[in-house]
Amino acid sequence: MRFNLKGTLLVSIAIATGFIVLLGYFVPALLNLQVAFLRWAVTLFAVALLVGVINLFRTHWGKIKNPSTRAVYSVVLMIFMVVTILVAGYFGPTSKAGIWILKYVQVPVEGSLMAILSVILAYSSIRLLRRRIDIFSITFLGVFLLVLGGTVAVPGLEILGIRDLKDWVSQVWASAGARGIILGVALGTVATGLRVLVGSDRPYGG
Amino acid sequence: MPEIRCPMCSKLNPEELEVCQFCQARLKPLRLSPAQGEESDQMSEVKKPQLPGEFEKQAPEWLQSLREPSEGSLASSKPKEAASDWLDGFRDESVKNMEKEESWPVEEPPPAEEPRADESHPEPDWLSRLAPQGPKTGTSGITDWLSGLDQRPPEPGLTESQKEISEKIEQAELASAEQLPKDVELETSQTLSSASEELPSLPDWLTDEESKAPDWMHFDTSPVDEEKQVEEGSSEESPDWLASFMGEGSQAEPADEKVLGEDILPEEASPPEPTPTGELDWLKELEEAYPGSNLDEGTSPEYSDRTTIPSQGIGEEEVRSAYQKISPERKVEQDREEFKAEVPAEPSGANEEPILPGSLPGWLEAMRPVVTDVVGPEQLDDQHAPVEKAGPLAGLRDTLPAELDIYHTKKPITFSTKLRIFDNQQAHAKLLEEMISQEGSSPAIPSKAIITRQHLIRSVIFLVLVIVAALPLFWGYPVVAIPVYASEVIEAHQMIESLPAGSPVLVAIDFQPGYSGEMGALAGALLDHLMFKKIHLGLVSTHPDGPIFAEKIVGDTIQIGFHNFQYPRDYVNLGFIPGGTAGLLNFAVAPRQVLPFDVNGQPVWQAPPFDSIQTLSNFAMLVVMTEDAETARLWIEQVQPRLLDTPLVLALSAQAEPIVKPYYLSSPKQVNGLVVGLTSGVTYEAYQGRAGLATEYWSSFTLSLISSIVIIVMGIGQSMISLLLSQRKSRAKGDRSG
């Protein structure tokens, strides 16, 4: 039987680190070690973020160099990335120039996408019953209109009981569903953590 | 007791036995008489199969009788049979023909001079007439019938008998061509002689001159030069065995060869005597007897020459000389061809029966060689063999090839390379070709209309929303009333209001710039209140662009609220918290270690009021502003347990409320204050008494919301109506068609 040293080492490190961090919640003596591991993780996350930026740069640079592909958007991205890095690096990320880029470039772009989304959602709601008429689509549209109508708090325009109905739907039905989702997510997180701790799941490769 | 070992099973048997008692194999080989041995040698020379012994039993009597005088032992060993029926039948037939014609006087055949057959098998009369009368008569069988011919009266116009004769001559020729044994040959010749003897009239071919008949039929009375005969024979390519009949002076005669017809001419050792020259007396007698037969005119010219029948005095010498002139095979063929050409056509209108194909007698059929294993006569014939074209044997037939087979190679058969294609295959190929040619070319995409119905609807929605939103912003009309305060809003307001001035509050700005329309207004309301209270703010974010966006939000709030907030005196920007969940937990445990510097790289934890901050619980309040429910959950789950008594206030987007509300409604509360959406923001500002972005956006927001509801309702209504109409139409069509 072949002995995989690399895999065994990785598994050992992962399991040991996980158990120390977990036990740090319960054992005060391991708190400092837990903090140290967490700091190392934070540092690795920061480095991974930087590596991601570098990889993005290389990918789009490769597209620009390849004549067969249309790389107009890659060029724009590269330009703004370089300019932003230079401005933020030179003037500071919270300088007026940096804020100017954020205020007049990033915010309008992302805001426009959200605005288009509103129009698309309205149009999709109109065509929903044309595409499919069933209980689910009718229910969806009804709840949608209820929430919208309950949100509108115009004196004189309020329909009697619609706001209460909206609150009841939001706090009972929606909250119940949300809680169920959160519980499921929590259980999944615990299960995944346990799988990593016992070594059955090895996302780090081993 | 002497014993013999069986050649087959190698077992011992008594000597007297002829057949093995174990395996029934013959112990003593059959031994032929000398005559039989010669005959068998002849048979082997000409590569003929051994004639079956049964044929001898089937041979007619006359044939057997021909054999008896020369081969006493052979004749005795052969079974005696009755007189051949076909011979009697021939005699009867000829008699009948004679009676029919009426001009054919019936003539009794002359009695035989020499009795040859045994008493049990009397010799036919016609055969007896064929008996040789001269001292030199040796082959009485052949000469008798020839001599007997002149005794018959001539009778005209008997073509039927002529046909019979021709048939019998053919039979004789066939027998000679197949090299019948000598006794059969003798019998055949006797048959022919008897047949010719019975003719009522001599046909023309019998009376014609010598020039029309083959040489062997010519019996010259003049002395024949043997050498000349030999030359003639050699020039005519007579085989050596025939040359032996030409006498001792013949040069082409090997001593060991056997000659066909030897039994017929037993006196082979004696040199052949010259044939008599001059006209044949018997022919003259025939002419005298049958004056109307036009014997001289030669109606069958060639054959008359050939069948120059000698007189009764002609014996075996004449016959021998006749045989000497040509080889039997060639003569037979020649005769056959000549006869076929000379046989006169039937006179028209004659009441004659058609010539029926001759049926060979059984004994003759038995003599027919087997074709399977033995080369037939036509194959043995040199005329069919290929002529050698190379080497010293060029020009000869039936020789071993001088060249290898490789030189005789033929050009190989060339097959047509043209593909045979049927019509349906051609059609299929054409279809396939069209499909392949169309493969590279993409089908033309139908041009789409620039403005479609979707574009129109979307454009309408956009215009409506833009107009509705722009009216309050630019004209300040209509103004929508502020809604009733929510309890959560009041509670959050009260918590912030209770903070002492200058207390440090950690504000986490974790929403995307895209949600700045809603969250910016909400965050502005809270920040304005905090700034109004002179709270020392510490800004953090778990998003990379959070610090910058936080800086922008604070600047806008300062600008709108006309607050005198300065950096780092009144607020600090701690920056980005990396690591996601782990980083947040780490920050919650040790904020100084996670973020020791601000975004500008300046230490913040040494100056007041942050110098007293060791953990997050040292902050007066934690305010988290996010649009994402997950981010809110992270802060709640990771940080809130470390806050201890520090309240947690969340400013959320309306979309995250359902997920975060349970935390607010739980007991103990994990979220102390909850401000959700623009509605809570405008309410908060109204409660605060300070109008901000939320108040500015509220009318546009409300009107846009109402217009969206109206548009959606109208669209649903229109969809339902069109659907119902289409269904009604389809039903109507179905009813009409049905």
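Every chain is numbered from 1, with letters handed out A, B, ... down the list of sequences.
Taking every heavy atom of both residues into account, B/Ile716 and A/Ser125 meet most closely at CG1-O, 3.9 Å. Residues B/Ile457 and A/Tyr123 come closest through the heavy atom pair CG2-CD1, 3.3 Å. Residues A/Glu110 and B/Gly514 come closest through the heavy atom pair OE1-N, 3.0 Å.
At distances below 3.5 Å, at least one donor-acceptor pair connects side-chain atoms of B/Ser719 with backbone N or O atoms of A/Ile126.
Among residues two or more places apart in sequence or in another chain, the salt bridge (Lys or Arg N to Asp or Glu O under 4.0 Å) test is passed with B/Glu627 by none.
Heavy-atom pairs under 4.5 Å with chain A peak, among B/Lys552, B/Gln512, B/Met720, at B/Lys552. The residue among A/Arg127, A/Gln171, A/Gln106 with the most heavy atom pairs within less than 4.5 Å of chain B is A/Gln106. Among the candidates B/Glu637, B/Glu657, B/Arg633, B/Met714, the residue making the largest number of heavy-atom pairs closer than 4.5 Å to chain A is B/Arg633. Taking chain B as the reference chain and counting heavy-atom pairs below 4.5 Å, the highest number among A/Gly177, A/Ala46, A/Pro93 is found for A/Pro93.
Proximity of B/Ile712 to A/Phe144: side-chain heavy atoms (C-beta onward) are separated by under 4.5 Å at one or more points.
In A/Lys166, the NZ atom is crowded: over 12 heavy atoms of neighbouring residues, nucleotides or ligands sit closer than 6.0 Å. Heavy atoms of other residues, nucleotides or ligands lying less than 6.0 angstrom from NZ of A/Lys96 number 12 at most. Residue-environment remark: CZ (B/Phe462) stays at or below the threshold of 12 foreign heavy atoms within 6.0 Å.
Proximity to chain A is absent for every atom of B/Ser708, based on heavy atoms less than 4.5 angstrom apart. Both the backbone and the side chain of B/Ile548 have a heavy atom closer than 4.5 Å to some heavy atom of chain A. Only the side chain of A/Ile133 has a heavy atom closer than 4.5 Å to any heavy atom of chain B. Residue A/Ile181: no heavy atom, backbone or side chain, is found under 4.5 Å from chain B. For chain A, no part of B/Ser704 is nearby; none of its heavy atoms comes within less than 4.5 Å.
By a heavy-atom distance cut of under 4.5 Å, A/Tyr25, A/Val35, A/Leu38, A/Arg39 are the residues of residues 23-41 of chain A near chain B, going up by number.
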Listing, residues 571-594 of chain B side-chain donor-acceptor contacts under 3.5 Å, not counting sequence neighbours, or none:
{"unit_1": "B/Tyr571", "atom_1": "OH", "unit_2": "B/Glu551", "atom_2": "OE2", "d": "2.8"}
{"unit_1": "B/Asn573", "atom_1": "OD1", "unit_2": "B/Gly575", "atom_2": "N", "d": "3.3"}
{"unit_1": "B/Asn573", "atom_1": "ND2", "unit_2": "B/Pro547", "atom_2": "O", "d": "2.9"}
{"unit_1": "B/Asn573", "atom_1": "ND2", "unit_2": "B/Glu551", "atom_2": "OE1", "d": "3.3"}
{"unit_1": "B/Arg592", "atom_1": "NE", "unit_2": "B/Ile613", "atom_2": "O", "d": "2.5"}
{"unit_1": "B/Arg592", "atom_1": "NH1", "unit_2": "B/Trp605", "atom_2": "O", "d": "3.4"}
{"unit_1": "B/Arg592", "atom_1": "NH2", "unit_2": "B/Trp605", "atom_2": "O", "d": "3.1"}
{"unit_1": "B/Arg592", "atom_1": "NH2", "unit_2": "B/Phe610", "atom_2": "O", "d": "3.3"}
{"unit_1": "B/Arg592", "atom_1": "NH2", "unit_2": "B/Asp611", "atom_2": "O", "d": "2.6"}
{"unit_1": "B/Arg592", "atom_1": "NH2", "unit_2": "B/Ile613", "atom_2": "O", "d": "3.2"}

Scan the side chains in residues 188-200 of chain A for donor-acceptor partners under 3.5 Å anywhere in the protein, sequence neighbours excluded, and list what turns up.
{"unit_1": "A/Thr189", "atom_1": "OG1", "unit_2": "A/Val185", "atom_2": "O", "d": "2.7"}
{"unit_1": "A/Thr192", "atom_1": "OG1", "unit_2": "A/Gly188", "atom_2": "O", "d": "2.8"}
{"unit_1": "A/Ser200", "atom_1": "OG", "unit_2": "A/Arg195", "atom_2": "O", "d": "3.3"}

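Taking OG from A/Ser175 and OH from B/Tyr663, the interatomic distance works out to 11.5 Å, rounded to the nearest 0.5 Å. For the atom pair B/Ile636 CD1 and A/Ile182 CD1, the distance stands at 8.0 Å (nearest 0.5 Å). Taking CE of A/Met114 as the reference point, atom OG of B/Ser516 lies at 9.5 Å (rounded to 0.5 Å). Taking CG from A/Leu146 and CD1 from B/Ile709, the interatomic distance works out to 10.0 Å, rounded to the nearest 0.5 Å. The distance from the CD1 atom of A/Ile101 to the CG atom of B/Asp545 is 13.0 Å, given to the nearest 0.5 Å. One distance of note links CG of A/Leu148 with CG of B/Leu705; it measures 5.0 Å at 0.5 Å rounding.
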